[in-house]
Amino acid sequence: MPELPEVETIRRQLQRVLPGRRLGSVLRVDPAVLDGVAREDLAGRLPGRSIEDLDRRGKYIVGRLSGELYLTIHLGMTGSLRVLTGAGPVGHERLAVRLDLERGAAGDSVERLAFIDARKFGRVRLTAGAPWSGLVRLGPDAWRGDWTADWLEERLRSRKAGIKSVLLEQKVMAGIGNIYADEILFAAGIDPRRSAGSLRSMEVKKLAESIRRRLDDGVRLRGCSISDYVDARGRSGSFQDELRAYGRHGQACVDCGSTLRRVVIAGRGTAYCPKCQR
DNA sequence: CCCAAGTCCTGGTTGC
DNA sequence: TGCAACCAGGACTTGG
């Protein structure tokens, strides 16, 4: 499940190889992943554009193309974005665009940029002049944003909803999903069911530190591969070996040995330690 | 049949 | 009282 660290891993890899390259013909488009753009429009406007750079906002990747055109991509829950060489299997590819070199006679390039997503939760938006307008609803980036613990405390104060539910709200902070929410709350020693507004100043401070640190761990280990996540080169990350809470219900807490419990919060499976997390 | 989960939507509630 | 913000839960999707 691509959350901020997985998306950042993919962005970094693509940023190393894509800028300066030119998009060729659109080889495949599944209209199910498009939003606000027709299949023909995409196929008509991408060829010939060069990729200038790749940015990230929360879980979204924004590709800036020549001519003030932007591709805003969300990987959903099983999506990946890869540079593939040769014919290769098509399988779950929802969108594939041929890649050409910017200069020279490379019209017969055999590489392609592919958006692969078995469950069709991912979305691709094409806009002119600015990235997709939906991004303005996002809060500051959870990892790189310039928010502070004081700001977070103020933001949580008025909220009665559970702290985990609020961490999952992209309009509060962008980038945290179910896996990192469980890891962050475990690291902070906070019960995921606690009302967000009930956290004391010291607890919010610990929470803020845990958000930065745990996301940083994820980025450093190139993401978390539970079921199908792979980076832009098709490699797995290794954060899954560092999980202390997510998916560990029924197993022993790495800190105190208690059995981790499972509850459902915001419709999501949630694992926590009843002794360490208060 | 249940579970996985990110985002959007809905209907009901809260509080300023 | 009016209305915006808030909140919980469901829909969507496919594979294990």
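This one's a predicted model, so the numbers in the text were calculated from it and none came from an experiment. Naming convention: chains lettered A, B, ... in sequence-line order (proteins, then strands); numbering from 1 in each chain.
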When you measure from the side-chain N and O atoms of [X] to the phosphate of [N], is any distance below 4.0 Å, counting only OP1 and OP2?
X: A:Arg159; N: C:dC7; value: yes
X: A:Arg137; N: B:dC8; value: yes
X: A:Gln170; N: B:dG6; value: no
X: A:His74; N: B:dT7; value: yes

N-O pairing of A:Asp100 and A:Arg22 below 4.0 Å: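 Yes, this pair counts.
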Ion pair check, A:Arg123 and A:Asp35, cut-off under 4.0 Å: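 Not counted as a salt bridge, because no side-chain N and carboxylate O are separated by less than 4.0 Å.
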Nucleotides 9-16 of chain B: protein proximity per nucleotide (B base, S sugar-phosphate only, - neither; heavy atom, under 4.0 Å): -----SS-
Sugar-phosphate or base contact per nucleotide [nucleotides 11-16 of chain C; S, B, -; heavy atom under 4.0 Å]: -BBBB-
Using atom [atom1] of [X] as one end and atom [atom2] of [N] as the other, report the distance to the nearest whole Å.
X: A:Lys164; N: B:dA5; atom1: NZ; atom2: P; value: 8 Å
X: A:Glu3; N: B:dG6; atom1: CD; atom2: C1'; value: 9 Å
X: A:Tyr180; N: B:dA5; atom1: OH; atom2: P; value: 13 Å
X: A:Asn178; N: B:dC3; atom1: CG; atom2: C1'; value: 12 Å
X: A:Leu135; N: B:dT7; atom1: CG; atom2: C1'; value: 13 Å

[X] side chain to [Y] side chain, donor-acceptor N/O pair below 3.5 angstrom:
X: A:Ser201; Y: A:Glu153; result: yes
X: A:Arg214; Y: A:Ser210; result: no
X: A:Arg193; Y: A:Tyr272; result: yes

Pair A:Tyr180 + A:Tyr246: ring centers closer than 6.0 Å: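 Ring-ring flag for A:Tyr180/A:Tyr246: false, centres at least 6.0 Å apart.
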Whichever of A:Arg262 and A:Ile176 has its nearest DNA chain B nucleotide further upstream toward 5':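 The residue closer to the strand's 5' end, by nearest nucleotide, is A:Arg262.
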Closest contact, heavy atoms only, A:Asp53 versus A:Pro19: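 Shortest heavy-atom separation between A:Asp53 and A:Pro19 comes out as CA-CG, 4.3 Å.
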Side chain to side chain, A:Arg64 and A:Leu69, heavy atoms closer than 4.5 Å: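 In short, these two side chains do not touch, never coming nearer than 4.5 Å.
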A:Ala161 side-chain proximity, nearest of C:dC7, B:dA5, B:dT7: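 Nearest listed nucleotide: C:dC7.
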Contacts of A:Ser165 that satisfy side-chain contact (heavy atoms from CB on, under 4.5 Å) - sequence neighbours left out: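 Listed in chain order: A:Ile265, A:Ala266.
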